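Just below is one structure, and these are the notes that go with it.
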Amino acid sequence: MTFAKLFSQSLNRRVAGFRSPFVNSSSPSALAPKTRFFNTSRPRANASSSSPSSSSKPSPSSGKSVWKITKRVGLGFIAASVLYYGLSVYRFRHPDEKQPLPDPTKKTLVILGAGWGATSILRTIDSSLYNVVVVSPRNYFLFTSLLPSTATGSVHSRSIVQPIRYLLRHKSHFVKFYEAECTDVDKDGKTVEIRRQTSDGQELVEKINYDYLVCSVGAETQTFGIPGIEEHGCFLKEMWDSQKIRTRIMKCLEQAQFKDLDPETRRRYVHFVVVGGGPTGMEFAGEMADFIKDDLKSWFPELANDFSVTLIEALPSVLPMFSSKLREYTKSLFARTNINIRTNTALKEVTADSIIVEVKDPEGNKVEESIPFGLLVWAGGNRPRPLINKIIHSLEEQTNRRGLIVDDYMQVKGMQDVFALGDCTSTAYAPTAQVASQQGAFLGQLFNKLGSLDFEKPRVDRYIAVGEELDSAALISLANEKHASTKVFRPFKYSHQGSLAYIGHEKAIADLNVPFLDKQIHASGYLAFFFWRSAYLSELYSLRNRTNVMLDWIRTSLFGRDISSI
């Protein structure tokens, strides 16, 4: 029976390969040779294995399977990204309703400001260790690096601001916020005085007790006492400065439309002058050149030949923090895009329609020159705010009028339990957002360690048991003395990650430090531009800001910048 079964299976396989001659016998295929009746579209297994040439060819089914796997992985990645985005949005919109209220037994930490340094502290600090109080005259964090883009309409102003309460509501414990300005600090009584002007003209004054105080109030724009600069110029430091610049641009454009204007006045209205050759001034000049090339020349064709941008710098070169190669690249790009750079040119006076500058003639003599303008943007340096000046003049230890002198742990010299960081300090570091952000993270970790010290009984870990009467400086010193090998509190050390600047026409420059290679990379052009955008996106405060800025960039690429006067 076994032989009969094998013979039957073999016969069935052979019969399956034939086409029956009794079906449609009139078909020409019925008269074809016998080999035509075999199914030759799929070779037999033994034939394919015996042929050496057929084994080297990839099977079509294997290619399809690879494509299916790739497609499934891609769809899975997209689905996971959408899910993560949705969960992040939901968490942002629904903070924890059961946020514990302040505990009177805990120490009070008062933070003045809502800038880069202050928000970096708030991100890092464990709010369960302190009663945290934030005081700031504005109730939002401003991503200042994109201010030049908002002034020309590349990015909406609300896309780069984040209300400070969004951050505070997502902390583990309640954080009190006052939208007010700190006007005085009593270092002996450990209190700060805050003031706020109400909408009906009343002035609200309140005093807040503190155990630790952090000054992160930033700085004002330095004008060097130049006459007329505050009355007739525009700064670029706050959001209202950006809005003022945009309004002035559109006002100049609409004024230049009147037919009775003489050509010289028309050219003056559309002459945009930027004073300051640092990253802020250079970025605004590049953004202004893009605005003119991509939008204004199309919507104001009668003014196309009159637009001009001039950048003035008192020093011999622009962008001193970048390498000489990148400085030369920027100068050459500005020359091709009709941005006139004038170095060794000092601003002396500003009037309603012109600036007076001092330059050197070929013989080396100083001469004054008048330059007409429609818009003047001052991108100068920094000067201390009134509160910082008041503290400096009240302390003998504060001998620098540029800002507060601090030690390696950001403690203000001459004041107990008072810390300062960012632009309001006088340190060896440049007054940049990168420095303030790292200082804020450092202080946040320092306060976490201070709050973790056990005041009740000794502990076996690296922390120590001390008395509450000791101030922060004594705590830091004693902790490091008891644990010399581990150094519980290490001094602040700045790590420079590099410098970035946008210079217009979708080009940027970048000096980047690579720690593991111990070298610096210089990049320019389109590659640096895409890195500039990706770096700024990653540094934006929240997913909400990143989404808005990305949509703004897409909107600008598709529809151009808005030219309305609002």
Side-chain angles (χ1 to χ4, degrees), residues 57-97 116 119-120 122-124 140-150 152-172 287 290 294 433-434 437 441 497-498 500 502 505-508 510 512 514-516 521 523-562:
K57 295 181 180 180
S59 173
S61 59
S62 63
K64 292 181 179 179
S65 62
V66 171
W67 165 246
K68 287 182 179 179
I69 294 174
T70 305
K71 183 170 68 173
R72 290 174 180 173
V73 171
L75 292 176
F77 177 78
I78 293 174
S81 301
V82 172
L83 179 61
Y84 173 77
Y85 185 88
L87 291 175
S88 300
V89 171
Y90 180 83
R91 181 181 177 276
F92 174 80
R93 291 291 304 276
H94 299 82
D96 188 7
E97 297 180 358
W116 288 92
T119 53
S120 185
L122 292 172
R123 281 180 170 181
T124 310
Y140 58 86
F141 165 75
L142 173 64
F143 191 81
T144 54
S145 302
L146 286 176
L147 264 182
S149 299
T150 63
T152 57
S154 300
V155 176
H156 284 164
S157 58
R158 292 191 177 275
S159 298
I160 63 171
V161 299
Q162 183 79 357
I164 198 67
R165 292 186 184 274
Y166 286 4
L167 170 63
L168 304 184
R169 285 291 289 116
H170 286 282
K171 299 300 291 183
S172 62
E287 291 279 2
D290 289 350
D294 298 337
Q434 186 178 170
S437 182
Q497 304 300 316
L500 291 170
Y502 177 66
H505 290 257
E506 296 187 347
K507 293 181 176 63
L512 306 175
V514 185
F516 56 88
I521 297 177
S524 59
Y526 290 108
L527 181 62
F529 168 71
F530 288 116
F531 180 79
W532 172 82
R533 280 199 164 181
S534 61
Y536 277 17
L537 279 178
S538 64
E539 291 295 326
L540 280 165
Y541 189 87
S542 66
L543 182 63
R544 168 182 172 271
N545 291 131
R546 297 186 189 102
T547 302
N548 288 338
V549 170
M550 287 184 63
L551 293 177
D552 288 342
W553 283 338
I554 295 173
R555 171 189 55 80
T556 301
S557 300
L558 294 177
F559 304 106
R561 299 164 182 83
D562 182 43

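These numbers come from the heavy atoms of this one structure, side chains and all, not from hydrogens, waters or symmetry mates. Bear in mind that the values here come from a model prediction, so they are computed numbers and not experimental data.
- For residues 72-82, no residue pair satisfies the salt bridge (Lys or Arg N to Asp or Glu O under 4.0 Å) rule, not counting sequence neighbours.
- Nearest heavy-atom pair across S120 and S437 is OG-O, 2.7 Å.
- By the ring-ring contact (aromatic ring centres under 6.0 Å, His included) test, Y536 pairs with F143, W532, sequence neighbours left out.
- With rounding to the nearest 0.5 angstrom, the CD atom of E506 is 8.0 Å from the CG atom of D294.
- Judged by distance alone, with hydrogens and angles left aside, the side-chain atoms of K171 form a donor-acceptor pair with the main-chain N or O of L122 at under 3.5 Å.
- Here S157 pairs with nothing under the side chain to side chain donor-acceptor pair (under 3.5 Å) rule; sequence neighbours left out.
- Qualifying side-chain contact (heavy atoms from CB on, under 4.5 Å) partners for S172, counting only residues two or more places apart in sequence or in other chains: D126, S127, S128.
- Taken to the nearest 0.5 Å, the CD atom of E287 stands 8.5 Å off from the CG atom of L146.
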If you look only at distance, which donor and acceptor atoms sit under 3.5 Å apart when one is on a side chain in residues 548-555 and the other is two or more places apart or in another chain?
from	atom 1	to	atom 2	distance (Å)
N548	ND2	R544	O	3.3
D552	OD2	H156	N	3.1
D552	OD2	S159	OG	2.6

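- With sequence neighbours left out, R561 forms a side chain to side chain donor-acceptor pair (under 3.5 Å) with S154, D295.
- Counting all heavy atoms, side chain and backbone alike, Y502 lies closest to H505 at OH-N, 3.3 Å.
- Atom CZ of R93 and atom OG of S88 lie 14.0 Å apart (nearest 0.5 Å).
- The structure places OG of S542 at 5.5 Å from CZ of F92, a figure rounded to the nearest 0.5 Å.
- The distance from the CG atom of L500 to the CZ atom of R533 is 13.5 Å, given to the nearest 0.5 Å.
- Shown here are the side chain to side chain donor-acceptor pair (under 3.5 Å) partners of T124, two or more places apart in sequence or in another chain: there are none.
- How far CG of L147 is from CD1 of I160: 4.5 Å, rounded to the nearest 0.5 Å.
- Checked against ring-ring contact (aromatic ring centres under 6.0 Å, His included), Y526 has no partners two or more places apart in sequence or in another chain.
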Return a table of donor-acceptor pairs under 3.5 angstrom between the side chains of residues 75-86 and protein atoms on other chains or two or more places apart.
from	atom 1	to	atom 2	distance (Å)
S81	OG	F77	O	2.9
Y85	OH	T547	OG1	2.9

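- A search for side-chain contact (heavy atoms from CB on, under 4.5 Å) contacts involving R123 returns L167, Y541, not counting sequence neighbours.
- A donor-acceptor contact shorter than 3.5 Å is absent between the side chain of Q162 and the backbone of L142.
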Under the criterion side-chain contact (heavy atoms from CB on, under 4.5 Å), I'd like the reasoning laid out for Y140 against V161: C-alpha separation, chi angles, the key distance, then a yes or no.
CA-CA 6 Å; Y140 58 86; V161 299; 3.9 Å; yes

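- Scored by the ring-ring contact (aromatic ring centres under 6.0 Å, His included) test, Y90 finds H94 as partners (sequence neighbours excluded).
- Every residue two or more places apart in sequence or in another chain that forms a side chain to side chain donor-acceptor pair (under 3.5 Å) with D562 is listed here: S564.
- Nearest heavy atom pair, residue W116 against residue S145, reads CZ2-OG, 4.1 Å.
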